[in-house]
Structure formats: structure tokens, C-alpha cells
Amino acid sequence: MSDAKNIVIFDFETTGLSPKMGDRPIEIGAVRIKNGLLVERFQALMHPGIRISSFIENFTGISNKMLAEAKPCAEVMGRFCDFIGSDNLVAHNASFDKRFLDAELHRISRGYSGQISCSMLLARRVLRDAPNHKLGTLVDYLNIQTEGVYHRALFDSEMTANVWLAMINKIQQHYKMKTIPFALMQKLCKTPAAFAHRTILNWK
DNA sequence: TGCCAGGCCCTCTTTAGGGCCTT
């Protein structure tokens with residue numbers, strides 16, 4: 001288990017890769033972890049104000065027709081900001097999701113006080129033997145049960161949460177600690193990968 | 001006109017380049 005503060009693990013589906021290039025989110029999914037358990041979920045489609053490409057429709061299964069009935073980004077992101085509260089945040093390849101989170105909250109003059117950590121960077125250190133560090137590969141590598149479709153925000157955030165908890169469990173066993181401070185997870189993510197594995201984790 | 005992400009990480013590195021990962 002991590003420290004007493006809750007963690008919100010979140011994932012965006014978006015129109016593309018870069019908010020600076022005009023891309024917007026089309027779906028947000030998130031789960032809250034408390035004392036090592038998944039206790040709350042958040043999911044919402046949102047209308048980005050533009051039509052999405054056929055590539056994104058095929059990639060996510062989210063269609064322009066579905067988005068036509070969705071609330072605008074500003075409304076959904078306001079609700080999501082309320083959901084986050086002061087909790088710490090985790091995402092898979094967090095630099096990607098953070099860019100969209102920051103851009104959308106900036107648009108509505110909102111923010112967050114929690115710290116953000118990245119499950120992909122942690123996996124590169126803790127699960128070095130995995131074939132690669134894509135979310136789906138890590139889920140298979142860890143034998144995590146799945147029931148859902150990848151590239152939908154809630155399912156991806158649930159799978160990220162399961163991977164995160166599995167890595168916490170591995171670190172707990174390594175350090176023989178009952179709780180793992182979020183700050184330690186962040187420190188591992190920011191430590192050069194080879195150094196982290198050789199001198200901090202020192203597996204085997 | 002045509003192109004356009006960006007941060008991390010490894011190595012054939014550090015005065016760089018290319019793959020990974022996210023949609």
C-alpha cells in the first residue's frame with residue numbers, strides 16, 4: 001500500500017497527441033485508490049468542439065455520434081477537478097496525460113495540488129524484464145485479469161491502477177515496508193533507470 | 001510550401017540519434 005493520501009489514477013482519450021497542436025480530450029476515466037483498494041470510479045465522454053478523425057474513431061471506438069451527445073470539455077473537466085481534490089495522481093506515460101490535464105484546467109482557470117507520478121517510468125525500473133512497457137503488455141506480464149476494452153479511458157485507468165498496485169507490492173516486498181510513501185515512488189521514477197535498478201532497487 | 005509532440009532512455013553517447021510510449 002502507498003501512504004495515507006489517496007491516489008487518483010487517470011487516463012485521457014484524445015483527438016491526437018498534442019494539446020499545443022490543437023488536440024483536445026474526448027474522454028476521461030479515473031479510479032481512486034485508498035489503502036490499496038480501488039474505491040471510486042469516474043468516467044465521462046466530453047465534446048472537444050471539433051470532429052474527431054476516423055483514425056481516432058477506430059482507435060478508441062468513440063464516434064462523433066457518441067460525442068455529439070456529450071457535455072463540453074469545460075464542464076466535464078470541472079467535475080473531474082472536483083473529483084481529484086487534493087489527491088496525488090498517476091497515469092501511464094504521465095507526461096502525455098499531464099499535458100492535456102494542465103491545458104484543459106488552464107482553460108477553466110482550475111488547478112490541482114497533488115503530485116503526479118508515472119506508472120510507465122516506474123515499470124521501466126521495477127519490471128525491467130517485461131517484453132516492453134506498453135500498458136497491455138504489462139497487464140499480461142503481471143497476469144492481471146481483464147474484462148474490458150483497451151483505449152477506453154476507464155478501462156485503461158483501471159488496468160494502470162492494477163499495474164501500479166502490483167509494482168507497489170513488489171517494492172513492499174523488496175524494502176520490507178508496510179507502506180510505500182508516494183514520495184518514494186516519485187523518487188524512483190526520477191532516478192536514472194540504470195542507477196535505480198543497480199543501487200536503489202538492487203533486485204535479486 | 002510543407003511540416004508540425006515531447007520527455008525518457010539507451011548507446012555505436014555527451015558537440016547525437018533513434019526507439020519507446022501515450023492518442
Side-chain angles (χ1 to χ4, degrees), chain A residues 8-31 42-64 66-67 70 73 76-77 80 89-107 115-142 144 146 148-164 166-167 185-201 203:
Chain A
V8 168
I9 298 184
F10 71 106
D11 180 71
F12 280 115
E13 302 306 317
T14 71
T15 63
L17 294 173
S18 171
K20 282 188 177 177
M21 300 298 293
D23 291 316
R24 303 288 302 277
I26 57 175
E27 187 182 39
I28 177 72
V31 297
F42 184 102
Q43 184 276 330
L45 292 172
M46 61 187 109
H47 198 295
I50 53 176
R51 286 185 61 82
I52 61 173
S53 67
S54 57
F55 171 80
I56 293 297
E57 283 189 316
N58 292 329
F59 188 75
T60 64
I62 299 169
S63 66
N64 281 293
M66 292 163 68
L67 294 177
C73 291
V76 173
M77 290 308 299
F80 182 60
L89 300 165
V90 168
H92 199 68
N93 197 11
S95 65
F96 172 84
D97 292 282
K98 182 179 185 298
R99 280 197 295 275
F100 282 93
L101 180 66
D102 290 349
E104 292 301 321
L105 293 187
H106 180 73
R107 284 173 175 267
Q115 301 293 307
I116 294 187
S117 195
C118 176
S119 56
M120 186 191 73
L121 292 182
L122 190 65
R124 282 177 175 172
R125 289 152 177 79
V126 174
L127 305 173
R128 295 199 95 189
D129 293 335
N132 60 56
H133 298 93
K134 295 178 182 177
L135 179 59
T137 301
L138 295 176
V139 167
D140 290 341
Y141 179 74
L142 293 166
I144 293 170
T146 63
V149 182
Y150 284 108
H151 303 305
R152 287 303 300 266
L154 181 58
F155 182 75
D156 283 5
S157 61
E158 287 178 344
M159 291 303 104
T160 301
N162 287 326
V163 169
W164 184 259
M167 290 192 292
M185 307 294 267
Q186 280 197 301
K187 180 181 178 181
L188 286 174
C189 289
K190 292 177 181 176
T191 304
F195 180 82
H197 194 255
R198 190 172 61 246
T199 67
I200 297 178
L201 295 169
W203 298 132

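Protein chains get the first letters and strands the later ones, always in sequence-line order, with residue 1 at the start of each.
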Given 3.5 Å as the limit, does a donor-acceptor pair link the side chain of [X] with the main chain of [Y], or not?
| X | Y | result |
| --- | --- | --- |
| D97(A) | F12(A) | yes |
| D156(A) | H151(A) | yes |
| E57(A) | I52(A) | no |
| H133(A) | S119(A) | no |

Could you give the [atom1]-to-[atom2] distance, from [X] to [N], as a whole number of Å?
| X | N | atom1 | atom2 | result |
| --- | --- | --- | --- | --- |
| M120(A) | dC20(B) | CE | P | 12 Å |
| I116(A) | dT22(B) | CD1 | P | 17 Å |
| H133(A) | dC21(B) | NE2 | C1' | 11 Å |
| D102(A) | dT22(B) | CG | P | 20 Å |
| L122(A) | dT22(B) | CG | P | 15 Å |
| K134(A) | dC20(B) | NZ | P | 8 Å |
| D97(A) | dG6(B) | CG | P | 16 Å |
| N93(A) | dC9(B) | CG | P | 11 Å |

Establish, with yes or no, whether the OP1 or OP2 oxygen of [N] is under 4.0 angstrom from a side-chain nitrogen or oxygen of [X].
| X | N | result |
| --- | --- | --- |
| K20(A) | dC4(B) | no |
| R128(A) | dC10(B) | yes |
| H92(A) | dC21(B) | no |

Quote, to the nearest angstrom, the [atom1] distance that separates [N] from [M].
| N | M | atom1 | result |
| --- | --- | --- | --- |
| dC4(B) | dC10(B) | C1' | 26 Å |
| dG7(B) | dT23(B) | C1' | 16 Å |
| dC9(B) | dC3(B) | C1' | 27 Å |
| dT1(B) | dG6(B) | P | 24 Å |
| dC21(B) | dT15(B) | C1' | 28 Å |
| dG17(B) | dC12(B) | C1' | 10 Å |
| dT14(B) | dG18(B) | C1' | 15 Å |

_Short side-chain donor-acceptor distance under 3.5 Å, D23(A) and T15(A)_ =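 Judged by distance alone, the side chains do pair up.
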Sugar-phosphate, base or nothing in reach of [X], heavy atoms under 4.0 Å:
| X | result |
| --- | --- |
| F100(A) | nothing |
| M21(A) | base |
| D23(A) | nothing |
| D156(A) | sugar-phosphate |
| D11(A) | sugar-phosphate |
| L121(A) | sugar-phosphate |

*Identify which nucleotide among dT23(B), dC10(B), dA5(B) has an atom closest to any side-chain atom of A193(A), counting heavy atoms from C-beta outward.*
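So the nucleotide nearest the side chain must be dC10(B).
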*Rounded to the nearest 0.5 Å, what separation is found between the CH2 atom of W164(A) and the CG atom of L122(A)?*
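Atom-to-atom, W164(A):CH2 and L122(A):CG are 5.0 Å apart.
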*Is there a side-chain contact between T146(A) and V139(A), using heavy atoms and a 4.5 Å cut-off?*
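In short, these two side chains touch, coming nearer than 4.5 Å.
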*Please figure out whether C189(A) or R99(A) has its closest DNA chain B nucleotide nearer the 5' end.*
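By nearest-heavy-atom nucleotide position, the 5'-most residue is R99(A).
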*S95(A) vs T60(A), nearer the 5' end of DNA chain B by closest nucleotide*: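 The residue mapped nearer the 5' terminus is S95(A).
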